[in-house]
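Here's a structure for you.
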Amino acid sequence: MTTIHATLGARDYAVAITAGGHNVAADEPVEHGGADTGPNPFALVMSGLAACTIITLRMYAARKGWELGTIHAEIDHRRSNRESNVTRRLRFGAELSAEQIARLGEIAEKTPVTLALKPGMAIETQILPSLP
């Protein structure tokens with residue numbers, strides 16, 4: 001289980017986040033009323049998708065004995081109304097066969113974050129008592 005703690009203080013949209021002992025910031029860009037002190041929430045989600053993708057591919061390649069070299073992921077996320085479209089581009093530092101590239105593409109579609117995002121998630125909201 002992962003527990004994330006997020007706190008919004010006096011600044012308009014600057015959020016301090018603690019994730020597994022790591023400090024992260026989130027904010028909105030200036031043009032949306034924020035101070036741009038960190039990535040916006042969707043950028044954080046897309047960062048998780050990119051990281052999960054390349055970590056999973058590295059793990060898979062290690063089991064297969066494949067050398068991938070440096071793995072680079074580029075994620076484009078576009079939102080319009082209630083729809084989100086994501087384009088994920090992957091590059092590898094090593095020369096790969098057509099078969100390896102095809103298999104890595106299949107694996108990318110099955111990473112844990114990919115599978116969680118594709119169908120949506122059940123989110124339960126609980127309102128707790130006020131902070132002291």
> Mind checking what makes side-chain contact (heavy atoms from CB on, under 4.5 Å) contact with A35, not counting sequence neighbours?
Replying inline: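 Once residues adjacent in sequence are excluded, the partners of A35 under the side-chain contact (heavy atoms from CB on, under 4.5 Å) criterion are R11, D27, T37.
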> Hey, mind stepping through V45 and V113 against side chain to side chain contact (heavy atoms under 4.5 Å, CB included) and telling me if it holds?
Replying inline: CA-CA 9 Å; V45 172; V113 173; 5.9 Å; no
>> Can you tell me if E31 has over 12 outside heavy atoms packed within less than 6.0 Å of its CD?
In response: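 Buried by this count: over 12 neighbours within 6.0 Å.
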>> Can a side-chain donor-acceptor contact be found between T53 and R88 if the only test is distance below 3.5 angstrom?
In response: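 Yes.
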>> I want to check something: taking the side chain as every heavy atom from C-beta on, are T70 and F92 in contact at a cut-off of under 4.5 Å?
In response: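 Side chain of T70 against side chain of F92, heavy atoms only: no contact under 4.5 Å found.
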>> Counting neighbours of CZ on R58 that are heavy atoms of other residues, nucleotides or ligands and sit closer than 6.0 Å, is the number greater than 12?
In response: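 More than 12 heavy atoms, drawn from other residues, nucleotides or ligands, come within 6.0 Å of this atom.
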>> I need the minimum non-hydrogen distance between P39 and A25, along with the two atoms involved.
In response: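 Residues P39 and A25, closest heavy atoms: CD-O, 3.3 Å.
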> Are the side chains of M46 and V86 in touch, meaning some heavy atoms are under 4.5 Å apart?
Replying inline: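 With C-beta onward as the side chain, the pair touches.
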> Can we say E109 and K118 salt-bridge, meaning some charged N sits less than 4.0 Å from an Asp/Glu carboxylate O?
Replying inline: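 Salt bridge flag = yes for K118 with E109.
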> Quick one: side-chain hydrogen bond (donor to acceptor under 3.5 Å, both in side chains) partners of T56, sequence neighbours excluded?
Replying inline: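 Residues passing side-chain hydrogen bond (donor to acceptor under 3.5 Å, both in side chains) with T56: none at all.
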>> If you apply the rule side chain to side chain contact (heavy atoms under 4.5 Å, CB included), what do you find for I75 with T87, and how did you get there?
In response: CA-CA 6 Å; I75 307 287; T87 302; over 6 Å; no
> Does any N or O in the side chain of S97 come within less than 3.5 Å of the main-chain N or O of Q100, such that one atom is a donor and the other an acceptor?
Replying inline: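 Yes; at least one donor-acceptor contact below 3.5 Å.
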> Rounded to the nearest 0.5 Å, how far apart are CG of L96 and CG of L68?
Replying inline: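 Answer rounded to 0.5 Å: 6.0 Å.
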> Out of curiosity, does I71 fall in the hydrophobic cluster containing M59 (side-chain heavy atoms, cut-off under 4.5 Å, transitive links)?
Replying inline: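 No: no chain of side-chain contacts under 4.5 Å links M59 to I71.
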> Does atom CZ of R79 have more than 12 heavy-atom neighbours from other groups under 6.0 Å away?
Replying inline: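 Counting other residues, nucleotides and ligands, CZ of R79 stays at 12 neighbours or fewer.
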> Taking only residues at least two apart or on different chains, which pairs with a member in residues 13-48 satisfy ring pair (Phe, Tyr, Trp, His ring centres under 6.0 Å)?
Replying inline: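 Checked against ring pair (Phe, Tyr, Trp, His ring centres under 6.0 Å) - neighbours excluded - the pairs reaching residues 13-48 are F42-H77.
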>> Distance check, rounded to the nearest 0.5 Å: R89 atom CZ versus H72 atom NE2?
In response: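 Taking CZ in R89 and NE2 in H72, the distance rounds to 8.5 Å.
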> Between D12 and L8, which heavy-atom pair has the shortest distance, and what is it?
Replying inline: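 In terms of heavy atoms, the two residues are closest at O-CD1, 3.7 Å.
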> Under 6.0 Å from the CD atom of E95, do we count more than 12 heavy atoms belonging to anything else shown?
Replying inline: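 No, the 6.0 Å shell around CD holds no more than 12 heavy atoms from other groups.
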